[in-house]
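Notes to accompany the following structure.
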Amino acid sequence: MKPDFTRRLLQWNKNSNNRAMPWKGEKDPYKIWLSEIILQQTRVEQGWSYYEKFIAAFPTVMHLAKANDEKVFKMWEGLGYYSRCKNLIASARKIASDYKGKFPDTYDEIKALPGIGPYTAAAVSSFAFNAPHAVVDGNVQRVLARYFGIATPIDTTAGKKEFQTLAQSLLQLDEPGTYNQAIMDFGAVICKPQNPLCSDCVQNKACEAFKQQTVTQLPVKQKAIIRRERWFYYFIIEYKGKWYIKQRTAKDIWENLFEFVLFESPKAADDITPRLPFLKKLVNGTPFQIESISRIYRQQLTHQTIHGRFIKIRVQEALPTLSNYSLIDKKQLVNYAFPRVITTFLGEPASPAQLF
DNA sequence: AATACGGGGGC
DNA sequence: GCCCCAGTATT
């Protein structure tokens, strides 16, 4: 005997769900997995073109496993959360080596791959193999919190456990994949974060939040986000038509992406005069010429605001202080993945040299 | 249990 | 500006 919620959901799915996406109904676990990694904390509209680009470039997991890191990162550029890309590559290679290119078909094996947690393991195993695991993503938490009137914060251990258990109890065991797809579509199309379509909703008579008029207050989140500001001064050092770049390795934003010579300042500065000692030490006596100084580029991340400024310098001799950097021809820069603040700067016409 | 990790779109 | 998005890994 199915719960009322499940019955109504499947009824809505059959009669009224028109949502179409490139990966919907897909049975190839590789393609499902790729779509799920791309969509982690990412809106469908944002991930859509990336998915199509990746499938075209890497039709199978073996294609992806054999690709070089830089190419894959370049294709991921702009999508954010770059550890997903690193883990994507690592998983593909693990499937190639440990599974001979055949995607693992159990929840536990899938979850053991890097970058795959409970949500993604449930999604891939249920969509591809009809494994009986309920997905719990932001959509599901919102739908269930409202329908059952649950005020337990979703970002706590207790809340996660509660929603996971509830979701699993509502799962339709005949076709877990269909059910999982339906509840996420329902959350995205009807039970939306803002302006949900309650008056047209087939569940509204039984929906606790609708009855109690608490729809806009659910789900509850506990943690407030703390923001910090950072000031990045990028020195673009040109030598014989080549620029110095380096891959970020620190446990920080943009790990594995490339950047120019960075001086991070603890506070804002209107002009770059305070950066001169850094520059002097960098060139260490080598003659240099300041070619241009950009405006300040602002990039808003979830937890940080980046203020970026770019100073172009030309030198006539290579700089020994930059031995751990690569000298890349300007035309080759398109092969390297950079953070948004840098690609935005590079995409704009050069600003006229301004002195300070 | 808390924190870090991007970027974009809607309001 | 603030919130949220087909979450996961690390500390």
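First the proteins, then the strands, lettered A, B, ... as listed; each starts at 1.
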Legend entry - Carboxylate-amine/guanidinium contact A/D69 A/K74, below 4.0 Å: no
Inset, instruction - Give a yes/no answer on whether the side chain of A/N180 brings an N or O atom under 4.0 Å of OP1 or OP2 in C/dA6. - result: no
Inset, instruction - With the side chain of A/I253 defined as its heavy atoms from C-beta on, choose the nearest nucleotide among B/dG6, C/dG7, B/dA1. - result: B/dG6
Inset, instruction - Quickly work out the A/L79 CG to C/dG7 P distance and round it to whole Å. - result: 13 Å
Inset, instruction - Could you check whether A/S35 gets within reach of a base, just the sugar-phosphate, or nothing at all, counting any heavy atom under 4.0 Å? - result: nothing
Inset, instruction - If the plane angle is over 60° it's perpendicular, under 30° parallel, otherwise tilted; pick one for A/H133 and A/Y107. - result: parallel
Legend entry - Protein-nucleotide distance (A/R340, atom CZ; B/dC5, atom C1'), rounded to Å: 17 Å
Legend entry - Residues A/D252, A/R230; criterion salt bridge (charged side-chain N to carboxylate O under 4.0 Å, His left out); working and verdict: CA-CA 12 Å; A/D252 192 1; A/R230 301 172 74 175; 2.8 Å; yes
Inset, instruction - Would you mind telling me which residue lines up with the more 5' stretch of DNA chain B, A/V341 or A/K160, judged by nearest nucleotide? - result: A/K160
Inset, instruction - Between B/dG6 and C/dC3, how far apart are the C1' atoms? Round to whole Å, please. - result: 15 Å
Inset, instruction - Grab the CD1-P distance between A/I306 and B/dA4 for me, whole Å please. - result: 13 Å
Inset, instruction - Only one of A/E264, A/K312, A/E259 passes side chain to side chain donor-acceptor pair (under 3.5 Å) with A/Y234; say which it is. - result: A/E259
Inset, instruction - Assign A/Q181 to base, sugar-phosphate, or nothing according to its heavy-atom contacts below 4.0 angstrom with the strands shown. - result: base
Legend entry - d(CZ, A/R84; C1', B/dC5) in whole Å: 10 Å
Inset, instruction - Could you give the distance separating B/dC5 and C/dC4 at their C1' atoms, to the nearest angstrom? - result: 15 Å
Inset, instruction - For the pair A/D185 and A/R19, find out whether any cationic side-chain nitrogen is under 4.0 Å from an anionic carboxylate oxygen. - result: yes
Legend entry - Given DNA chain C, 5'-ward residue of the pair A/K24 and A/K111, judged by closest heavy atom: A/K24
Inset, instruction - Between B/dG9 and C/dT8, how far apart are the P atoms? Round to whole Å, please. - result: 24 Å
Inset, instruction - Let me see the working for A/E255 and A/K251 under salt bridge (charged side-chain N to carboxylate O under 4.0 Å, His left out), right down to the final yes or no. - result: CA-CA 6 Å; A/E255 188 180 356; A/K251 294 290 176 212; 3.3 Å; yes
Legend entry - Distance in angstrom units between A/L301 CG and B/dG8 P, rounded: 10 Å
Legend entry - A/W23 side chain near C/dA6 phosphate (N/O to OP1/OP2, under 4.0 Å): no
Legend entry - Pair A/R227-A/T302, side-chain donor/acceptor within less than 3.5 Å: no
Inset, instruction - Would you check if the side chain of A/Y244 reaches a backbone N or O of A/L319 as a donor-acceptor pair within less than 3.5 Å? - result: yes
Inset, instruction - Figure out the CZ/P separation between A/R228 and B/dT3, and round it to whole Å. - result: 13 Å
Inset, instruction - Verify whether one side chain among A/N180 and A/S126 offers a donor that lies under 3.5 Å from an acceptor in the other. - result: yes
Inset, instruction - Give the nucleotide from the list B/dG7, B/dG6, C/dA6 with an atom nearest to the side chain of A/M21. - result: C/dA6
Show each protein N/O and nucleotides 2-5 of chain C N/O combination with a separation under 3.5 Å, one pair to a line.
from: C/dC5; atom 1: OP1; to: A/R142; atom 2: NH1; distance (Å): 2.5

Legend entry - Side-chain N or O of A/T120 closer than 4.0 Å to phosphate OP1/OP2 of C/dT8: yes
Legend entry - Earlier contact from the 5' end, DNA chain C, for A/E45 and A/G115: A/E45
Legend entry - Ranges pairing with ranges for DNA chain B, where each run has three or more Watson-Crick or G-U pairs under 3.5 Å: B:1-5 with C:7-11, B:7-11 with C:1-5
Inset, instruction - Under 4.0 Å between any heavy atoms, over every strand shown, what does A/I226 touch: base, sugar-phosphate, or nothing? Just pick one. - result: nothing
Legend entry - 5' precedence on DNA chain B between A/Q222 and A/Q300 (nearest-nucleotide basis): A/Q222
Inset, instruction - Remember a base hit wins even if backbone is also touched, and classify A/G78 as base, sugar-phosphate or nothing at under 4.0 Å, heavy atoms. - result: sugar-phosphate
Legend entry - For atom CG of A/D252 and atom P of C/dA9, their distance in whole Å: 20 Å
Inset, instruction - Side chain of A/K223 only, please: which of C/dT8, B/dA2, B/dG6 is the nearest? - result: B/dA2
Legend entry - A/D108/A/K111 salt bridge by N-O under 4.0 Å criterion: no
Inset, instruction - In whole angstrom, give the distance that lies between atom CZ of A/R230 and atom P of B/dG6. - result: 10 Å
Inset, instruction - Could you tell me whether the side chains of A/Q300 and A/T305 share a donor-acceptor contact shorter than 3.5 Å? - result: yes
Inset, instruction - Could you check whether A/W33 gets within reach of a base, just the sugar-phosphate, or nothing at all, counting any heavy atom under 4.0 Å? - result: nothing
